[in-house]
Amino acid sequence: MPVAPAELTIEFTVAPGPDDDRTAVRAAVAAAAESGLAHETGPDRVALSGAHDAVIGAVAGVLDACVRAGARGVDLRIEVPTEVRP
Amino acid sequence: MSGASVGPRGETPVPAPVPETAPTPLVVDDGELVRGRIGVSAPRPDGTLKVEGAFAYASDLWAEGMLWGVTLRSPHPRARILTIDTSPAVAMAGVHAVLTHADVPGRKTYGLEHPDQPVLAWEDVRYEGEAVAIVAADHPETARRAARSIVVEYEVLEPVVDAEWAMTDEAPRLHPSGNLLRHVPIRRGDPDATGDVVVRGTYEVGMQDQAFLGPESGLAVPDDEGGVDLYIATQWLHVDREQVAASLDLPPEKVRLTLSGVGGAFGGREDVSMQIHSCLLALRTRRPVKMVYSREESFFGHVHRHPARLEYEHHATRDGRLVAVRARIVLDGGAYASSSTAVCSNAACFAVGPYAVANCHIDAYVVYTDNPPCGAMRGFGAVQACFAYESQMDRLAAALGMDPIDLRLRNAMATGDELPTGQRVAGPAPVAELLERLRAMPLPPPAMEGPRDVRELPGGVSNATHGEGVRRGVGYAVGCKNIGFSEGFDDYSTAHVRLQIAAGTPQADVHTAAAEVGQGLVTILGQIARTELGVDDAVVVPSDTTVGSAGSSSASRQTWMTGGAVKMACEAVRADVFSRVAERFGRDPTQLLLRDGRVVDASGAPIVALAELLGDDVVEATAEHHHRPTFPLDPETGQGDAHVAFAFAAHRAVVDVDVELGLVRVVEIATAQDVGKALNPQAVEGQIEGGIAQGLGLALMEEIQVRNGLVRNPSFTDYLIPTVLDMPPVRIDVLELGDPDGPYGVKGVGEPPTISSTPAVVAAVRAASGRPLTRVPVRPDDLVDPALLEGSR
């Protein structure tokens, strides 16, 4: 791996809406996909992974999309790989 | 560690696993004693054990009460999982755990660059062999039967298997952000520059396997506090730990990794395989869990070399000066990212090879498909490019009516020249010297007239020919590649060194997390410690995560990076010793030396023995060695100082080809390579010969056959690798030009032999057969004159 891993990864875990379907997580995935940084990371999850500014810039869109799609809640998990730092 | 005693059967438990056959506990428990200073061919401490079959590989690990882990994998390259019924497996006697994605407590995906690969698939499977469920049982066969009993209902989908098509809008999206993983454009000079002579070519490289002989294996041992110890064959302990801890939802300090015996790696162990799975099973069952892949499973358990399609256009003046190179490179990344984006970058950076070219227009792409995931393999993107650009150089030489070496010499890069990325090559770039030395080497004697020993002929003892239809060919190639991590990665390694008196003798203990994967690193680190501290005994203790990261055993970087860290730590220890001498004897510490276990003055006169000076004291130091910063490539132009250093090698191949049967025998390979400084000449030769074997394999036989996403040859019966019968004598000329940035002037040695050996062999086969040979590996069908084939029908 001669280049650095993604500077920043933010994973969204989406609590489904009242109907307990996957509408909200699908909305989150669709919004994340528009950023070009999206990776599915679980049945109820999507992650943005890439350069710091690009990831931060895409966060609001993903949150907005899944909340508007009825998500009851969204957990964010932020990972910065230790191997890129001394 | 608790919860299980780990050790040889029937013996007192010891703190770390040892092989079931318990040959010699040297490897795991005591560290490895190295004798010999730098510059000499110190013997490898693991050499005799490996030759005798007594070396403890990770697959030999054993622990009291351990269970066996097995993986259920998808039989489909692309499908949607509808249901997973684990109940038949759970009900089976002897089964202790059956886990799916729902049992992954932390991050459900992993990946070196992007976390896009499921630990266990939940909805989509994207390649044949993707892990779906894991089982732990008290016997490996029970675990296998249990895994087979799990019922997975799939909706099978048509796989996306063509990388070019995967980039189009018609192809289904395999990942949310689309199928294009990375595009690296490089724009340099005049985009419209043209030459008097133009040659075009399209080349293909097949999917090569690392074919390491020790399959993926490891042993996870849970502790009483929710943590886990993992004994593992890997290339990079710390990045494994980072991914394992994230998926276990544990802090890193609760996941401890120790390197076990590694049976080769070549990039294939840079991604995790069974690391997370074995830890999940161990933590669930609260028992040690061992996982060992079979040979067949190993083909599905690690990434491979990217298959590539490369379109090239070379423009030159009539006297052979390269004017412009245009290239379009498409790499098939397979189902998941692994280190594909970096491989793509390398393919672009080294797309024109070790030649000075003012005008370059390069586009490299890497794409998701439903083929097996591809990632790191020795040469890392430079291999695919080298086959194409060196084939082009031969084609250009033919078009110009020039000698192929003269053409290369006319365009050879030298120190101070720039890559297509605009980066100036600051260190030695002896491309012309390597070629001249190669040309000066005598050729092997010509084939004898009349009857010949069949062992010297294509087909060997299969008695395919007695010399009729056999033609000789000679081919040349030269290549280059970066050393170390690139594009802004803060590349570093850590070493801890202790100097103490053991049984009255000074001894240096060296502790790093660097992975000895067979390249001889343990020997080198010991040699450095002995040299720097002037002692006879250096013990390299087992690598683990209790010391800082050493980075990966890849990118030809460990001697440079971890060797540099050991050197720095030794220098700190030495400074401490000298300060003690200064204080006790009033001597100037800048005028002292360590020699033969004593402190001596500049004239060599002894001052005090280390044993007397230190007594029971231990002098120790930890050092981190960073190489100088590198920078990302500009995303629009591909310009930037992305690499820290470069290595060069040239190869000449002589082959005999049976043009009637399409059989090849490589008669000899000669090589010239700048290694900077040969710290251990025998190890250097070993790396060069091993790398050439892999290059020869890619040229003539090694390819994972994938048809519609399905691997057709996952065995060493059907996936052919060179044996001792296939390897010719290797004539080696080592240059030691000394890189100004490397400790002792070292350069990386491991990858360059793999890069240009492939096109050299193919050039020789081309010369013998007269066939165009635009794809590797070359198949017998490619060699036989179509007129002959037609005539035989």
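This structure is a prediction, so every number in the text was calculated from the model and none was measured. In what follows, every chain begins at residue 1, and chains take the letters A, B, ... in the order their sequences are listed.
When heavy atoms are compared at a cutoff of 4.5 Å, Pro118(B) does not approach chain A at all. Residue contact with chain A, scored on non-hydrogen atoms closer than 4.5 Å, involves the backbone and the side chain of Ala246(B) alike. If you measure heavy-atom distances from Arg173(B) to chain A, the contacts under 4.5 Å come from the side chain alone. Only the side chain of Glu79(A) comes within less than 4.5 Å of a heavy atom of chain B; its backbone N, CA, C and O stay farther away. Contacts between His101(B) and chain A at a heavy-atom distance below 4.5 Å involve the side chain alone, from C-beta outward. For chain A, no part of Asp491(B) is nearby; none of its heavy atoms comes within less than 4.5 Å.
Partners of Arg378(B) according to the salt bridge (charged side-chain N to carboxylate O under 4.0 Å, His left out) rule, which considers only residues two or more places apart in sequence or in another chain, do not exist here.
A cation-pi contact links Arg557(B) to Phe485(B), judged by a cut-off of 6.0 Å to the six-membered ring centre and 45° from its axis.
Closest heavy-atom contact between Ala348(B) and Ala364(B): CB-CB, 3.8 Å. Among all heavy-atom pairs drawn from Gly61(A) and Ala31(A), the shortest one is O-CB, 3.8 Å.
Taking the side chain as every heavy atom from C-beta outward, His625(B) and Thr562(B) never approach each other to under 4.5 Å.
Counting heavy-atom pairs closer than 4.5 Å to chain B, the top-ranked of the candidates Glu11(A), Arg45(A), Glu34(A) is Arg45(A).
Comment: Glu40(A) does not engage Lys108(B) in a salt bridge, judged by the lack of any side-chain N to carboxylate O separation of less than 4.0 angstrom.
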